[in-house]
Amino acid sequence: MNKKAKKIAVVKSKQKPKVKPRVKFSKPKVKSKDINYDHLKIENKWQKKWAASKIYNSKEDTKKEKCYVLDMFPYPSGEGLHVGHPKGYIATDIFSRFNRMNGKSILHPIGFDAFGLPAENYAIKTKTNPEIAVKKNVARYKKQLEILGLDYDWSREVNTTDAKYYKWTQWIFLQMLKKGLAYESFEPVNWCPTDKTVLANEDVENGRCERCGTPVEKKLMKQWVLKITDYADRLLKDLDALETKEFSNKIGSDAFRKDAPVNERYVVHCLVKHWSENKFLCMRWKKNDWRGYVVGGIEHGETPIETALREVREETGYKNVVVKKVVGNMVAQFYQEVKKENRRAHVTTIYLELTNGEQIDIPQHEKDIQDMEWVPYENVRDFVNREDLKYEWDLFTGAAKQKPLLDWPESIKESQRNWIGRSEGAEIDFRLNFPKKLDDNMHSVKVFTTRPDTIFGATYMVLAPEHPLVQVVMENIENRNEVQEYIAGAKLETEIERTDVKKEKSGVELKGIKAINPANNEEIPVWISDYVLADYGTGAVMAVPAHDTRDAEFAKKYNLPIREIELENRDDMIHKYGRSIVKYKLRDWVFSRQRYWGEPIPVIHCEKCGVVPVPEKDLPLVLPRVKSYEPTGNGESPLAAITKWVNVKCPKCKGKARRETNTMPQWAGSSWYYLRYMDPKNSKQLADAMKEKYWSPVDLYVGGAEHATRHLIYARFWHKFLFDIGVVSGTEPFKKLQHVGLIMGEDGRKMSKRFGNVVNPDDIVNTFGADTLRIYEMFMGPFDQQIAWSTDSIVGARRFIEKLWKLVAKVTYAVVTETGEIDSVATFGLNEGEGEGGAARAEADTVRGGTISTVSANHINKILHKTIKKVTEDIELLHFNTAISALMIAVNEIEKIGSVTRSQYEILLKLLAPFAPHVTEELWYAVGNKKSIHIADWPKFDPSLIVENEVNIAVQVNGKIRGSFKAAADLSKEELEMIAKKLPEVVKWIQDKNITKVIVVPNRLVNIVVL
RNA sequence: GCCCGGGUGGCGAAAUUGGUAUACGCGCAAGACUUAAAAUUUUGUUGCCGUAAGGCAGUGUGGGUUCGAUUCCCACCCCGGGCACCA
């Protein structure tokens, strides 16, 4: 895939691009000789050993849970990788290594996407055959990737330009053809005059070719098109779909009721106060869901207050309840809790009080599902949020709370929603009326509107200049010349000019033509204007200047009537005058390119039979070698010049026929490659069904955000199609998606040869080591955030690894004699062979009275177990920067203590192994292990070890920190308050003052409020 | 214009059931080691006032809720991204 970033931008507003002319690689400040850490030797050694031992090869092991980790495969350009590229690969590497150590069966493959314009243009520029250029570039990329120590299963490598691979790309196309999803269209398409090919809508950016920036032209051409619009609705809906989950609980309750309120606007939350004490009623649904309030649905005709009273009586049995107010200051805390549940919720929160405790019996079915408890005001929050009582049901819909089907960043989902651009509206026919009727036909014009409720305000109609009807009625137009001139003028404009919002609107009235508004039978003028687009909706609009800014602008300019009206009922209007219809902005995918370097479209044009697919047995249809692969510009690809290849017999009638000479777009091969990794060598099908079922879907997919509206939409489309024809088992290919934040140049601009700010990863690996590079890139900041590279800051990562390296000398172990007795306690050395010998080693911490004190050992244990927890959680969330920070803290602490047992050190190594695979492997063997650390078990933390027995208590006076003290954990509130009040630095602030209130948060703070 | 995301030291950034803001790293300053430098190491490092003890201010701005707000609410400013004469 092409690694193009869309915009050049700096990370932060405040930070102006610091233009440093010198961005070349600078010499490092580290010296590794002194401590014997030779990263080149170590990294090289382990990379070879891992390749030989095949520990990273994937297997469909049904006994294990699977984990499919995927990178967006690279598009090997001529320039090689820069340090920004590996960021995503390092992240998936960490994630897959982590999951492997957690006992999962891993698929972490890689391949190359190499068909398409970039490779072809590069080949033309360098005058090499694209096939050869691609081979060379792939080899270079592979080498660059290999030295990073990534755990790819290279035996599953795919390449989209390999005939064995694109056989299946062509096969999928044929299946689409069979289902009518691939068709030839003859319509205006985007044409790039520089690249001399048509483009899909997705390849056009602000009216320009996404590759070369040339403004695209509209050209009428016959093209292969894929009917992605048939899938528009599913592509949109599944973005918000929920994971299907079995849910059997049928017990009736508002929470589960089918007719429960589905719209949060019709829900009330009732806060119910005790009749004599400052306590609130907390409800417990027996499905472990605590609420601090009663939730009820407003039924038809009720006011929220009535609902509140009814719900509280029904659900709690307390009869004598009165409404105090609707969200007042007094209950602001509760209100905030409610809002937190759902930021979009606009619930009415009602505060009620009981006048007495009189209670009637509630029905058994209510008792079955819920309990009640009176909870003191200040404890309600803790009570509701108790960790062990996470709630599983959606508050508003009553459905089981489910995870979304797609765990994707909201921004990418939103991009796709925008791109698909669904809008619901109506098609309404306006009859046309013109005096000089040439025939009796009363023509009519279909308009598309999302506001049928404004139909009475339609005071004129506007057609796109290209609207076919204009030509039909041309003879009846009085100002024919003027109209034709306008149409000709509009044609000359580029898309960019035409769709410029700032441009003043222009248009011409079709004099002599009138339209009739079906709502009031009024005759209204008909105009043409280029602000109406031919290819959206119906190419015609009813103009309602009172309710549409564009129409208003136009009406003002041409003095057309603007009529304020009362809005009608939308559905009634649609019903009376038109039909409801859904339109999408998404266009069908223009699928042919007039270029050489792509998959040949496997179709034959027969004079008699028309379009005939190449028989499946003849696949792959291999891309033939060609003398000149320069684009022709005449709408044919260079393949058309190979008459021998082009002229074939029709597979059906054996008559004269020609091959299709257009090729597929760059995005074809990448639309399904993740499936091929599952079974890369299968010659019978694109992937074996069992294997597909085992590995699907991709558990984590990492790549650039710029693919949001292309690759990621195309792949979802193809996947859904393959699902429909039974080739794949699920409806979505990528379960979790994460986008990588770009690494910018040191000057804050995008890394590019053009700016001379490219940093080559090979240089970094050479001087600092792959492990250092990996740690640095993961430590830079949040993974999805764009950050500028800084060679100066790498030393931090390097120093950290060196600290770990030096720490091995402080690992203690017991030397055991042949009879099993402890001879002495020793440490490991940094040099090979040091510390070894005839004597066996044993854990130092088993030694009675050994060198490491119990206190220190316990202290290290506490640190380590906290670190295990933090690192484990952080890797799962892809919070690599904070995971590394936790590891640094652990190393610093252990270094300070100065001694560590072997088992403790090994935990540390394991935690770091996914991040720095080489150095940890080296040290792992150095302390006496015989099997790779990368297949060792991930450490588990012991919660009891994490518990602090001494805590720091902050003391505030009127909310300001005035002091602190250490105290045993879980000291009572009273004791804490007493100690706090006696602290000299606190006494100073509270003496001579009236203490009005003391707030004590156990294990945290004491706040003394004085007057 | 509509829709997402974000704004914290000199810099990259931590911190979410509302509870000691600035963890970790870079840089910088001072000390140790060294003939010297590098490397290493120790200490310090939000700003202002103060020799210090300490005080005041402080998480884009202005309000609000609260004993307590980076965190919740309201309004606004700025930055980044997506869509855009889409009817």
Side-chain angles (χ1 to χ4, degrees), chain A residues 6-7 9-15 29-35 206 329 332-333 335-337 339-340 381-382 384-387 409-419 421 423 425 447-451 462 498-503 505 529-533 535-538 540-544 548-551 553-554 583-585 705-706 708-709 776 779-782 784-788 790 792-797 799-800 802 881-882 884-889 892 952-961 963-964 985 996-999 1001 1003-1010:
Chain A
K6 287 217 167 164
K7 297 270 151 61
V10 254
V11 185
K12 275 194 183 173
S13 54
K14 297 193 282 187
Q15 188 189 331
K29 290 178 186 167
V30 286
K31 240 191 200 173
S32 49
K33 266 187 212 152
D34 301 348
I35 60 157
N206 301 321
N329 293 345
Q333 278 192 7
Y335 176 68
Q336 285 169 14
E337 291 300 324
K339 290 287 276 189
K340 233 185 290 171
R381 223 174 338 160
D382 302 336
V384 172
N385 291 315
R386 276 167 56 184
E387 273 241 348
E410 190 49 40
S411 61
I412 290 190
K413 284 189 181 180
E414 194 59 25
S415 298
Q416 293 208 348
R417 278 184 210 114
N418 283 338
W419 190 259
S423 58
V447 302
F448 175 66
T449 179
T450 54
R451 297 291 309 273
V462 192
R498 184 165 166 178
T499 55
D500 185 359
V501 192
K502 285 176 220 115
K503 195 184 80 168
K505 292 194 173 27
S529 169
D530 61 5
Y531 85 85
V532 174
L533 306 175
D535 60 356
Y536 183 77
T538 58
V541 300
M542 61 173 209
V544 186
D548 184 286
T549 50
R550 296 154 307 182
D551 294 343
E553 207 184 303
F554 193 77
K583 291 277 178 193
Y584 296 93
K585 203 183 73 72
E706 70 273 16
T709 54
Y776 171 65
F779 185 63
M780 285 173 91
D784 56 355
Q785 193 178 296
Q786 171 181 307
I787 298 173
S790 162
D792 289 341
S793 302
I794 300 180
V795 287
R799 283 178 195 148
F800 169 56
E802 287 180 1
N881 55 333
T882 46
I884 293 170
S885 151
L887 286 162
M888 285 173 168
I889 293 169
N892 290 346
N952 207 11
I953 307 287
V955 185
Q956 300 180 333
V957 178
N958 285 351
K960 285 194 175 166
I961 302 289
S964 70
E985 62 267 38
T996 54
K997 201 174 184 181
V998 179
I999 286 117
V1001 182
N1003 292 335
R1004 285 207 187 262
L1005 62 72
V1006 179
N1007 188 6
I1008 303 165
V1009 186
V1010 296

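All of these numbers come straight from a predicted model, not from anything done at the bench. Naming convention: chains lettered A, B, ... in sequence-line order (proteins, then strands); numbering from 1 in each chain.
For G81(B), neither phosphate oxygen OP1 nor OP2 lies less than 4.0 angstrom from any side-chain nitrogen or oxygen of N418(A). For the OP1/OP2 pair of C11(B) and a distance below 4.0 Å, the side-chain nitrogens and oxygens of S793(A) include no atom meeting the criterion. The side chain of R799(A) places an N or O atom within less than 4.0 Å of a non-bridging phosphate oxygen (OP1 or OP2) of G27(B). For K585(A), a side-chain nitrogen or oxygen approaches OP1 or OP2 of A84(B) to under 4.0 Å. Put simply, R417(A) has no side-chain N or O that comes within less than 4.0 Å of OP1 or OP2 on C4(B). For the pair Y776(A) and G25(B), the criterion of a side-chain N or O lying under 4.0 Å from OP1 or OP2 is not met. For K960(A) and G58(B), the shortest distance from a side-chain N or O to OP1 or OP2 is not below 4.0 Å.
In this structure, E802(A) does not pair ionically with R799(A), as no charged nitrogen and carboxylate oxygen lie closer than 4.0 Å.
Rounded to the nearest Å, the gap between the P atom of G9(B) and that of U70(B) is 14 Å. Nucleotides C77(B) and G62(B) place their P atoms 15 Å apart, quoted to the nearest Å. Separation of the P atoms belonging to G19(B) and C11(B) is 27 Å when rounded to the nearest angstrom. Here the separation of A87(B) from C78(B), taken at their C1' atoms, is 33 Å to the nearest Å. As rounded to the nearest Å, G58(B) and U71(B) have P atoms that lie 13 Å from one another. Between the C1' atoms of G25(B) and A84(B), the separation comes to 43 Å (whole Å). On the C1' atoms, U20(B) is 14 Å away from A69(B), given to the nearest whole Å. Comparing U43(B) with C48(B), their P atoms are spaced 24 Å from each other, to the whole Å.
Of the candidate nucleotides C3(B), G27(B), A23(B), G27(B) has the atom nearest to the side chain of V795(A). Taking every side-chain heavy atom of Y531(A) into account, C85(B) is the closest of G19(B), G25(B), C85(B). For L1005(A), whose side chain is taken as the heavy atoms from C-beta onward, the closest listed nucleotide among G19(B), C4(B), A87(B) is G19(B). Closest approach to the I961(A) side chain among G19(B), U20(B), G27(B) is made by U20(B) (side chain taken as heavy atoms from C-beta onward). Candidate nucleotides A13(B), A87(B), C83(B) were compared by shortest atom distance to the side chain of S423(A), and A87(B) ranks first. Counting only heavy atoms from C-beta on, R1004(A) has its side chain closest to G19(B) among A87(B), G19(B), A13(B). Side-chain proximity of F779(A) to G25(B), U20(B), C83(B): nearest is G25(B).
Between the side chain of D548(A) and the backbone N or O of A543(A), no donor-acceptor pair lies under 3.5 Å. At distances below 3.5 Å, not a single donor-acceptor pair connects side-chain atoms of S885(A) with backbone N or O atoms of N881(A).
No engagement by S964(A) is indicated, since no non-hydrogen atom pair under 4.0 Å with the nucleic acid exists. At a threshold of 4.0 angstrom between heavy atoms, the contacts of S885(A) include nucleobase atoms, whether or not backbone atoms are also involved. Counting non-hydrogen atoms under 4.0 angstrom, P782(A) reaches the backbone sugars and phosphates but no base. Here V998(A) lies out of heavy-atom contact (under 4.0 Å) with every strand. V1009(A) comes within 4.0 angstrom of sugar-phosphate atoms only, judged by non-hydrogen atoms across all strands, and of no base. Across all strands, N892(A) comes closer than 4.0 Å only to sugar-phosphate atoms, never to a base (heavy-atom distances). Contacts of I889(A) with the nucleic acid, taken as non-hydrogen atoms under 4.0 Å apart, involve only primed sugar atoms and P, OP1 or OP2.
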Encode nucleotides 46-53 of chain B as B, S and - characters from 5' to 3', where the letter depends on protein heavy atoms closer than 4.0 Å: B to the base, S only to sugar-phosphate, - to neither.
--------

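The base of G19(B) lies close enough to the side chain of Q956(A) for a donor and an acceptor atom to sit less than 3.5 Å apart. Scanning atom types as modelled, one donor and one acceptor separated by under 3.5 angstrom connect the side chain of K505(A) and the base of C85(B).
Contact of the S793(A) side chain with the F779(A) side chain is not registered, since no non-hydrogen atoms from C-beta on lie closer than 4.5 Å.
Residue G781(A) is the one, among G781(A) and A797(A), whose nearest nucleotide of RNA chain B lies closer to the 5' end (criterion: closest heavy atom). Nearest-nucleotide positions on RNA chain B for N952(A) and G959(A) put N952(A) closer to the 5' end.
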Give the intermediate values and the outcome of side-chain contact (heavy atoms from CB on, under 4.5 Å) for residues E553(A) and Y531(A).
CA-CA 11 Å; E553(A) 207 184 303; Y531(A) 85 85; over 6 Å; no

Report the secondary structure of RNA chain B in dot-bracket form, marking unpaired bases with a dot and bases paired to a different strand with |, and treating Watson-Crick or G-U pairs with both distances under 3.5 Å as paired.
(((((((..(((......[....)))((((((.......))))))((((....))))..(((((..]....))))))))))))....

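Look at G9(B): its glycosidic torsion is within 90° of 0, and that puts it in the syn range.
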